[in-house]
Amino acid sequence: MKASIIIPVHNEWNYFQECLNGLQQQTIQDFEVIVVCDGCDIDYAKEIWERAGVRSVRVRFLEGGTGVAAARNQGMAVAEGEFLLFHDCDDYIEKEALELLLAESENVDVVVGTKKYTWYGASVLVESDSKLLQLNQKLQHERNTIEDISVLGMLIRRQYAEREELQFDESFLYGSDLPFVASLMGRTDRVESSPKAVYWKREHNDTINHPSLFQRTDRATRCREILRAYLAAEEQWDTPVLREKLQVFYKKVVEPFYLSPESEGKEEIFSLAVQCRMERETADLRRKGKSLRRRKRLKRLVSLMTSRTEMKFFLYRKIFLKMKVKKDWIVYESFFGKSYSDSPRYIYEYLAQHFPKEYKHVWVMKQKKKLPYGGTEVKRHSLRFLYYMARAGYFVFNGRQPLYIQKREGTVFLETWHGTPLKKLVFDMNEVTMANPLYKADVYRQSRDWDYLIAPNQFSADIFARCFMFENTMLHTGYPRNDILHSGQGAERIEEIKSELGIPRNKKVILYAPTWRDNEFHKSGGWKFSLKLDLEKMQQALDEEYVILLRTHYFVVDGLDLAPFRGFAYDVSKYDDIARLYLISDILITDYSSVFFDYANLKRPMLFFAYDIEKYRDVLRGFYIDMEKELPGPIVHTTEEVITKVQNLSDVIGQYQEKYNVFYEKYCNWEDGDSTERVVQAVFKRKA
């Protein structure tokens, strides 16, 4: 048997399956797997192995001691392969990795592969575009200190390890790799490298529920253990690499720790640094500590005097947050200030109409807009925005608030959200393929401030409670934004909206409202959009009877050039209220956007232009429902199919009538035109 692959497991079940998939795909299968269960359910580990279907290799399961070091030692004690390969259960190796390592193993004791860091699973890296890969590479390169020296990605001759009695030091929680690698490399010159044998070290995207050992180790422990590990390592391995990487670690981790407000453990850490021959650096840091803090305060003062941004946040923290909370002030925001729309709009208008003198209403807007009912407008992130956010008694938002905002005691946060979820959200997502890989941690922090969360149906209520880890008050009211769809003023309002948009009154309206793709972005917060519908073909086939409105997602920053299709295609991406667009539309075309749940209130036909459904479902997000079984309209993949379905709309309506009825009852049965009133009664304790 060529190799024994030793895998400690400590409840990292989210990633274990992909780890096993990587082993199953190895081009050489002459190895055994030793799974050491470190305080976790051994039967569950066996169940996951069975599901993975790895049939061509031998596996053994051991009940392990405490910690990674102890688990690895147990695996080494029973290993029978010619070589050892250590593998963390949340990582994966490329399919040729073992073959490439073994190819360099003749007459050597250690073969060193390449270790790379990633936030993403193997399937995401394979399927995603270059922008995501560039972001992944940037994140990889941020870590290059002594704590990154690891046994992972190395092939070790078992006979050599046994002869030298190599063991991991079980007194380490975090730093046991370094002295082991030093002993390994310091006692032999029979070492080869295999740069193309790639071991992927996964960074965990869920630091709340599934933090990695690195993420759950505090800075003091990291400092202490790495310095201890260095002391043990330098006795075994005489190489300048250790010293160079120690210097980087000291600069990046130890010095910031000293300058932080933390105090516990500093003296022990400085003592260890002195033992590591960092006397000069430590003495300089101690001596300069007060002047460094003074210099930091001076730099801060200069920033306050020269930077408007620094000054406004200083005023927010030091003055505004200490002023009295105004219980009758309400701050509203819709889609990060991009529009006056959605449920916040209808809550605002209801309160302004029914209680005209009881509240001061403040709207967060990115661009100036004349608001009805005398609402006050403030620009997002401006000084006035910070002032009102510090003092308002209510927040009414349909998305996430800025991370720097502090909700004060006595302030009530009403989170309306903005749709029934089709695509998986936050803690229901296995992979985070968007520009911010720490998205889950950010949403967790933000959602702790939400006192109320609106659900449009029971399906959403159940998902919101889980995906946001929400434990406060769920409002089973339906969305205020959909009241307009049940208002009974259809014909009159349709004429008004068509006239407002300059749409011919004798033409039927197709609304195309696609969502965004997590991995298609220019930068964090700025997503791309690539139009896949062939408007030229649609115009040739449908121009006599229809016009088409194109509505991109509010995350998308790319504009649409519709000049060649003037009179047929209209860009309504910046139109404030999509519910008004629903009213004038005879057909909805979408993909994975939540708009179809709302549009179903009108019981009008829908088409689902899902040209990339396999990638979106299996790689980027995943769905909460089975689209093929539940959607109240056909899934189409090409422009030609879209045209055919529109031209034969009566057949579509008849074919999907029964599905539509079931869909409506499940997702629209809470919405009857009175959702806004129910929300106001629950949150503001007001009745008209």
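Every heavy atom of this structure was used, including side-chain atoms; hydrogens, water molecules and symmetry mates were not.
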For [X] versus [Y], what's the shortest heavy-atom pair and its separation?
| X | Y | answer |
| --- | --- | --- |
| Pro256 | Lys252 | CG-O, 3.1 Å |
| Asn205 | Tyr15 | N-OH, 3.8 Å |
| Leu84 | Ala79 | CD2-CB, 3.6 Å |
| Ala69 | Glu170 | CB-CA, 3.9 Å |
| Glu104 | Ser194 | CG-CB, 4.0 Å |
| Ser4 | Gly81 | OG-N, 2.7 Å |

task = Step by step, work out the side chain to side chain contact (heavy atoms under 4.5 Å, CB included) result for Val112 and Met185.
result = CA-CA 10 Å; Val112 182; Met185 303 296 284; 4.2 Å; yes
- Does Glu99 pair with Lys196 as a salt bridge, N-O distance under 4.0 Å?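 Between Lys196 and Glu99 there is no salt bridge, as every charged N stays at least 4.0 Å from the carboxylate O atoms.
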query: Does the distance from a Lys or Arg side-chain N to an Asp or Glu carboxylate O, for Glu32 and Arg60, drop under 4.0 Å?
result: yes
Please evaluate residues Trp49 and Val33 with respect to the criterion side chain to side chain contact (heavy atoms under 4.5 Å, CB included), reporting the C-alpha separation (whole Å), side-chain torsions for both, the decisive distance (0.1 Å), and the verdict.
CA-CA 11 Å; Trp49 175 272; Val33 175; 3.9 Å; yes
Could you check Glu255, Glu279, Glu267, Glu281 and say which one makes a salt bridge (charged side-chain N to carboxylate O under 4.0 Å, His left out) with Arg286?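 So the option named by the test is Glu267.
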If we only count heavy atoms from C-beta on, is the [X] to [Y] side-chain gap below 4.5 Å?
| X | Y | value |
| --- | --- | --- |
| Val110 | Tyr160 | yes |
| Phe172 | Val68 | no |
| Arg157 | Glu82 | yes |
| Tyr444 | Val426 | no |
| Lys245 | Tyr230 | no |
| Met76 | Glu162 | no |
| Glu225 | Arg228 | yes |
| Met278 | Gln247 | yes |

Is it the case that atom [atom1] in [X] sees more than 12 heavy atoms from other parts of the structure closer than 6.0 Å?
| X | atom1 | value |
| --- | --- | --- |
| Lys407 | NZ | yes |
| Glu80 | CD | yes |
| Arg51 | CZ | yes |

TODO: Could you pull out all residues at least two apart from Lys115 that satisfy side chain to side chain donor-acceptor pair (under 3.5 Å)?
DONE: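 Lys115 satisfies side chain to side chain donor-acceptor pair (under 3.5 Å) with Tyr117 once adjacent residues are dropped.
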If only atom types and distance count, is the side chain of [X] paired as donor or acceptor with the main-chain N or O of [Y] below 3.5 Å?
| X | Y | answer |
| --- | --- | --- |
| Glu431 | Gly121 | yes |
| Asp109 | Asp189 | no |
| Gln74 | Leu62 | no |
| Glu165 | Ala161 | no |
| Glu147 | Gly175 | no |
| Lys266 | Tyr258 | yes |
| Arg445 | Ala441 | no |
| Gln29 | Leu23 | yes |
| Thr188 | Arg190 | yes |
| Thr27 | Glu96 | no |

Is the charged tip of Arg380 near the ring of Phe336: under 6.0 Å from the six-membered ring centre and within 45° of its axis?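 No, a cation-pi geometry is absent between Arg380 and Phe336.
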Should the pair Tyr404 and Phe385 be assigned to parallel (<30°), tilted (30 to 60°) or perpendicular (>60°) ring geometry?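 Tyr404 vs Phe385 ring planes: perpendicular.
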Classify the ring geometry between Trp450 and Phe470 as parallel (under 30°), tilted (30 to 60°) or perpendicular (over 60°).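 The arrangement is tilted - the two ring planes meet at 30° to 60°.
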Can you tell me how far apart [atom1] ([X]) and [atom2] ([Y]) are? Round to the nearest 0.5 Å.
| X | Y | atom1 | atom2 | value |
| --- | --- | --- | --- | --- |
| Ile5 | Phe83 | CD1 | CZ | 13.0 Å |
| Leu383 | Thr309 | CG | OG1 | 10.5 Å |
| Gln17 | Gln24 | CD | CD | 8.5 Å |
| Ile405 | Met389 | CD1 | CE | 4.0 Å |
| Glu203 | Thr118 | CD | OG1 | 8.5 Å |
| Thr217 | Leu173 | OG1 | CG | 5.5 Å |

Kindly state whether the ring of Phe214 and the ring of His204 have centres lying under 6.0 angstrom apart.
-> no
- Message: We want to know whether Asn436 and Asp442 form a side-chain donor-acceptor pair, criterion being a heavy-atom distance below 3.5 angstrom.
- Response: yes
* Asked: Between the side chains of Asp91 and Tyr199, is a donor N or O closer than 3.5 angstrom to an acceptor N or O?
  ->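 Note: Asp91 and Tyr199 side chains meet the donor-acceptor criterion.
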Point to revise | Steps toward ring-ring contact (aromatic ring centres under 6.0 Å, His included) verdict (Phe168, Phe86) | key: CA-CA 12 Å; Phe168 290 89; Phe86 295 99; 5.2 Å; yes
message = His210 vs Asp90, test: side chain to side chain contact (heavy atoms under 4.5 Å, CB included). Steps then yes/no.
response = CA-CA 10 Å; His210 306 291; Asp90 45 359; over 6 Å; no
Donor-acceptor list for residues 36-44 side chains, cut-off 3.5 Å, not counting sequence neighbours:
| residue | atom | partner | partner atom | Å |
| --- | --- | --- | --- | --- |
| Asp38 | OD1 | Gly67 | N | 3.3 |
| Asp38 | OD2 | Gly67 | N | 3.2 |
| Asp41 | OD1 | Asp43 | N | 2.9 |
| Asp41 | OD1 | Tyr44 | N | 3.3 |

With side chain to side chain donor-acceptor pair (under 3.5 Å) as the test, pick out the partner of Asp88 among Arg72, His10, Arg202.
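Option passing the side chain to side chain donor-acceptor pair (under 3.5 Å) with Asp88: Arg72.
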task: Apply the test side chain to side chain contact (heavy atoms under 4.5 Å, CB included) to residues Arg222 and Phe257: give CA-CA distance (whole Å), side-chain angles for both, the deciding distance (0.1 Å), then the verdict.
output: CA-CA 10 Å; Arg222 285 174 62 201; Phe257 174 68; over 6 Å; no
